[in-house]
A.B. asks: 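Supplied in C-alpha cells, the structure appears directly below.
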Amino acid sequence: MKEVKVSIFGFGTVGRALVEIVSENPEVVGVKIKVESITDRSGTVWGDFDPLEVKEVKENAGRISALGDYEVYSFKPKELIEEVKPDILVDVSSWDGAFSMYEVALKERVSVVTSNKPPIAEHYDKLRELAEESKAGVYFESTVMAGTPIIGLLRENLLGENIEEILAVLNASTTFILTRMESGKSFEEAFEEAKSLGVLEEDPSKDIDGIDAFYKAKILHWVAYGEPPEKTERVGIREVEDAKNVRLVARVSKGEISVKPRKLEENSPLLVSGVYNAAIIRTNNLGELVLKGKGGGGRVTASGVFTDIVKAALKFPSPR
Ligand SMILES: NC(=O)c1ccc[n+]([C@@H]2O[C@H](COP(=O)([O-])OP(=O)(O)OC[C@H]3O[C@@H](n4cnc5c(N)ncnc54)[C@H](O)[C@@H]3O)[C@@H](O)[C@H]2O)c1
Ligand SMILES: N[C@@H](CCO)C(=O)O
Ligand code: NA
C-alpha cells in the first residue's frame with residue numbers, strides 16, 4: 001500500500017465533498033490517501049485530525065479556525081508547502097492567483113491536483129515546464145466538465161488523434177439559467193434559483209459573462225494543441241432575450257476559441273439541461289465523439305479531483 005499525504009487548499013463545496021469521498025474510500029488501487037492538512041481563509045489544520053469533524057465545524061461555524069481541540073496555523077501558501085511537506089497539493093479554492101503556490105509546490109516536487117481554472121488556463125506552459133523539471137505532475141480533470149472526464153480523454157486516450165474541433169457547453173450555471181428562462185422565468189428569477197445549485201462561482205459574473213466557460217475553452221485549447229489561442233471571442237448571456245434552445249457554446253479549434261450564446265438544433269447533443277455539460281469532439285480518425293455528463297456540483301467535481309489524486313500518487317504520465 002502506497003500512502004500519500006495530501007494538503008487540501010480551500011474548503012468550500014468541493015473541498016468538503018472531497019473529504020467525504022476520501023473518508024468513504026481512503027484506499028484505492030493500492031493507494032492510501034491521508035488528509036494531512038486542510039486550509040481555508042481562516043487558517044490551516046494540520047496533523048492528526050478527523051477531516052469529517054473539520055467539515056462539520058466549517059459547515060456550522062463557517063471557518064476552520066472555529067475548531068476547538070486542534071491547533072490552527074496561519075501559514076502563507078508558500079509556508080504551507082514548506083512546513084506540511086505534502087506529497088500532493090490539492091487546490092479546490094477560488095483563488096485566481098494560486099499559480100504562485102503551484103510554482104512553490106512543483107519546485108519542491110509536490111504534485112498539484114486542482115479544480116481551479118485560472119491558474120491552469122493562464123500558466124499552462126510554465127506549469128508544464130516546472131512539472132517536467134521536477135518530475136512532479138499537474139492534474140486538472142475537474143477544471144473542465146467537473147468529474148466528467150474530458151481532460152483525461154484529450155490528454156491520454158486521444159493522444160494519437162488530430163483534434164479538428166471541439167464544440168461544447170461547459171458552464172452549468174448558464175445552462176440552468178437559460179433553461180429556466182425557456183420555461184418563462186426572467187433572467188433575474190432564474191439567476192436567484194441558480195444560487196441554490198451550488199455551482200455558481202464565488203463571483204457569479206464569471207458564469208454569466210462567459211469567463212468561466214472561456215477559461216475552460218482555453219484549457220481545452222492548451223491540452224489539444226499545446227499552445228495558447230491567437231484569436232478569441234467571449235460573449236455572455238446577459239443580452240439573451242429568446243432563450244429557446246439557446247446555450248452558451250464554446251468552440252475550440254487550432255489557434256482559435258470562442259464562447260457565445262448559440263441557438264441549437266432540436267436534436268443537438270449540446271441541448272443539455274440542469275447541471276449537464278456536453279462536448280462534441282471531432283478528430284481525423286474517429287469523426288465525432290460525444291461526451292455528456294454533469295459539469296458541476298460538490299461530489300461531481302470532487303470525483304475528478306479524487307481520481308487525479310490517485311493518478312498523482314501513481315505518477316501517471318502526463319505528456320501534454
Ligand atoms: N462547484 C462546482 O461545481 C465546481 C466545478 C468545477 C470546478 N469548480 C472550481 O473548484 C473550486 C472550488 O469550487 P467550490 O464550488 O468549492 O467554491 P466555493 O466558493 O464553495 O469554495 C471556494 C473556497 O476557496 C476558499 N478560498 C478562496 N481563496 C482562498 C485563499 N486565498 N486562501 C484560502 N482559501 C481560499 C474560499 O474561502 C472557499 O472556502 C473553484 O475554483 C471552482 O471554480 C467548482
Ligand atoms: N460555475 C461553474 C462550476 C463548474 O465549473 C459552472 O456553472 O459550470
Ligand atoms: Na472533467
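Heavy-atom basis, side chains included; hydrogens, waters and symmetry copies ignored. Both ligands and their constituent atoms are indexed starting at 1 by order of listing.
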A.B. asks: May I ask you to decide whether Arg16 forms a salt bridge with Glu56, counting only side-chain N to carboxylate O separations under 4.0 Å?
C.D. replies: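 Judged by the 4.0 Å cut-off on N to carboxylate O distance, Arg16 and Glu56 do not form a salt bridge.
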
A.B. asks: Name the closest protein heavy atom to atom 22 (C) of ligand 1, giving the residue it belongs to and the distance to 0.1 Å.
C.D. replies: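 Checking every protein heavy atom, the shortest distance to atom 22 (C) of ligand 1 gives Ser94 OG, 3.7 Å.
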
A.B. asks: At under 4.0 Å between heavy atoms, is it the side chain or the backbone of Ser142 that contacts ligand 1, or both, or neither?
C.D. replies: backbone

A.B. asks: Number the atoms of ligand 1 from 1 as they appear, then name those within less than 4.0 Å of a heavy atom of Asp40, with their elements.
C.D. replies: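 Selected atoms, number and element: 33 (C), 34 (N).
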
A.B. asks: On a heavy-atom basis, I'd like to know which of Gly62, Ser93, Gly12 is closest to atom 26 (N) of ligand 1.
C.D. replies: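 Looking at heavy atoms only, Ser93 sits closest to atom 26 (N) of ligand 1.
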
A.B. asks: Does only the side chain of Asn116 get under 4.0 Å from ligand 1, or the backbone, or both, or neither? Count heavy atoms.
C.D. replies: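 Both the backbone and the side chain of Asn116 come within reach of ligand 1.
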
A.B. asks: Does atom NZ of Lys76 have more than 12 heavy-atom neighbours from other groups under 6.0 Å away?
C.D. replies: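 Not more than 12 within 6.0 Å, no.
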
A.B. asks: Under 4.0 angstrom from ligand 2, any heavy atom of Lys206?
C.D. replies: no

A.B. asks: Taking only heavy atoms of Gly295 into account, list the atoms of ligand 2 that are under 4.0 Å away from them.
C.D. replies: 4 (C)

A.B. asks: Regarding Lys292 and the six-membered ring of Tyr276, is the cationic atom NZ or CZ under 6.0 Å from the ring centre and inside 45° of its axis?
C.D. replies: yes

A.B. asks: List every atom of ligand 1 that sits less than 4.0 Å from any heavy atom of Gly297, numbering the atoms from 1 in the order shown and giving each element.
C.D. replies: 2 (C), 3 (O)

A.B. asks: Which residue and non-hydrogen atom of the protein lie closest to atom 8 (O) of ligand 2, and at what distance in Å?
C.D. replies: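 Result for atom 8 (O) of ligand 2: Ala172 N, 2.8 Å.
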
A.B. asks: Closer than 4.0 Å and a protein heavy atom, does any atom meet both conditions relative to atom 17 (O) of ligand 1?
C.D. replies: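 It does not: no protein heavy atom is found less than 4.0 Å away from atom 17 (O) of ligand 1.
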
A.B. asks: So Phe140 and Tyr124, ring-ring contact (aromatic ring centres under 6.0 Å, His included) or not? Walk me through it.
C.D. replies: CA-CA 11 Å; Phe140 49 93; Tyr124 194 89; 5.7 Å; yes

A.B. asks: Can you tell me if an N/O/S atom from Gly152 lies under 3.0 Å from the Na ion (ligand 3)?
C.D. replies: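 Checking the Na ion (ligand 3) against Gly152, no N, O or S atom falls under 3.0 Å.
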
A.B. asks: Can you tell me the protein heavy atom closest to atom 6 (C) of ligand 2 and the distance?
C.D. replies: Asn171 ND2, 3.3 Å

A.B. asks: Salt-bridge test for Glu202 and Arg41: reply yes if a basic N is under 4.0 Å from a carboxylate O, no otherwise.
C.D. replies: yes

A.B. asks: Taking the minimum heavy-atom distance to atom 42 (C) of ligand 1, which of Met101, Arg16, Glu201 ranks first?
C.D. replies: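 Going through Met101, Arg16, Glu201 one by one, Glu201 has the nearest heavy atom to atom 42 (C) of ligand 1.
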
A.B. asks: Determine, for Glu182 against Arg247, whether the closest basic-nitrogen to carboxylate-oxygen distance falls under 4.0 angstrom.
C.D. replies: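 A salt bridge links Glu182 with Arg247.
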
A.B. asks: Would one find an N or O of Asp212, backbone or side chain, under 3.5 Å from an N or O of ligand 1?
C.D. replies: no

A.B. asks: Show me which atoms of ligand 1 lie under 4.0 Å from any heavy atom of Thr301.
C.D. replies: 2 (C), 3 (O), 4 (C), 5 (C), 6 (C), 7 (C)

A.B. asks: Which option out of Trp95, Phe140, Phe11, Phe9 puts a heavy atom nearest to atom 33 (C) of ligand 1?
C.D. replies: Phe9

A.B. asks: What part of Asp212, side chain from CB on, backbone N/CA/C/O, both or neither, has a heavy atom under 4.0 Å from ligand 2?
C.D. replies: side chain

A.B. asks: Any N/O of Val14 closer than 3.5 Å to an N/O of ligand 1?
C.D. replies: yes

A.B. asks: Should we say atom CD of Glu265 is surrounded by more than 12 heavy atoms from elsewhere, each under 6.0 Å from it?
C.D. replies: no

A.B. asks: Strictly under 3.0 Å, is any N, O or S atom of Thr148 next to the Na ion (ligand 3)?
C.D. replies: yes

A.B. asks: Testing the 3.5 Å rule here: is there a donor-acceptor pair between the side chains of Glu266 and Asn245?
C.D. replies: yes

A.B. asks: Answer yes or no: is there a side-chain heavy-atom contact under 4.5 Å between Leu130 and Glu103?
C.D. replies: yes

A.B. asks: Heavy atom under 4.0 Å from ligand 1: found in Thr13's side chain, backbone, both, or neither?
C.D. replies: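 Answer for Thr13: both.
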
A.B. asks: Applying a heavy-atom cut-off of 4.0 Å, say which part of Lys117 lies close to ligand 2: side chain, backbone, both or neither.
C.D. replies: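 Just the side chain.
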
A.B. asks: Rounding to 10°, state the angle centred on the Na ion (ligand 3) that links O in Ala146 with O in Glu141.
C.D. replies: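 The angle at the Na ion (ligand 3) comes to 90°, rounded to the nearest 10°.
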
A.B. asks: Determine whether Ile309 and Leu18 make a side-chain contact, defined as any pair of heavy atoms from C-beta on separated by less than 4.5 Å.
C.D. replies: yes

A.B. asks: Of all the non-hydrogen atoms in the protein, which one sits nearest to atom 9 (C) of ligand 1, and at what distance?
C.D. replies: Ser115 O, 3.1 Å

A.B. asks: Report, in ascending order of atom number, the atoms of ligand 1 lying under 4.0 Å from any heavy atom of Gly296.
C.D. replies: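 Listed by number with element: 3 (O).
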
A.B. asks: Going by the order shown, which atoms of ligand 2 are within less than 4.0 Å of some heavy atom of Asp207?
C.D. replies: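 The list of qualifying atoms is 1 (N), 2 (C), 6 (C), 7 (O).
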
A.B. asks: Any atoms of ligand 2 less than 4.0 Å from a non-hydrogen atom of Glu201? List them with their elements.
C.D. replies: 1 (N), 2 (C), 3 (C)

A.B. asks: Starting from atom 12 (C) of ligand 1, which protein heavy atom do you reach first, and at what distance in Å?
C.D. replies: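 The closest one turns out to be Val92 O, 3.3 Å.
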
A.B. asks: Who's the nearest protein heavy-atom neighbour of atom 7 (O) of ligand 2, and how far?
C.D. replies: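 Checking every protein heavy atom, the shortest distance to atom 7 (O) of ligand 2 gives Ser173 OG, 2.5 Å.
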
A.B. asks: Starting from atom 3 (C) of ligand 2, locate the nearest protein heavy atom and write down its residue, its atom name and how far away it is, to 0.1 Å.
C.D. replies: Val199 O, 3.2 Å

A.B. asks: Taking atom types as modelled, is there a side-chain donor on Tyr102 or Thr114 under 3.5 Å from an acceptor on the other?
C.D. replies: yes

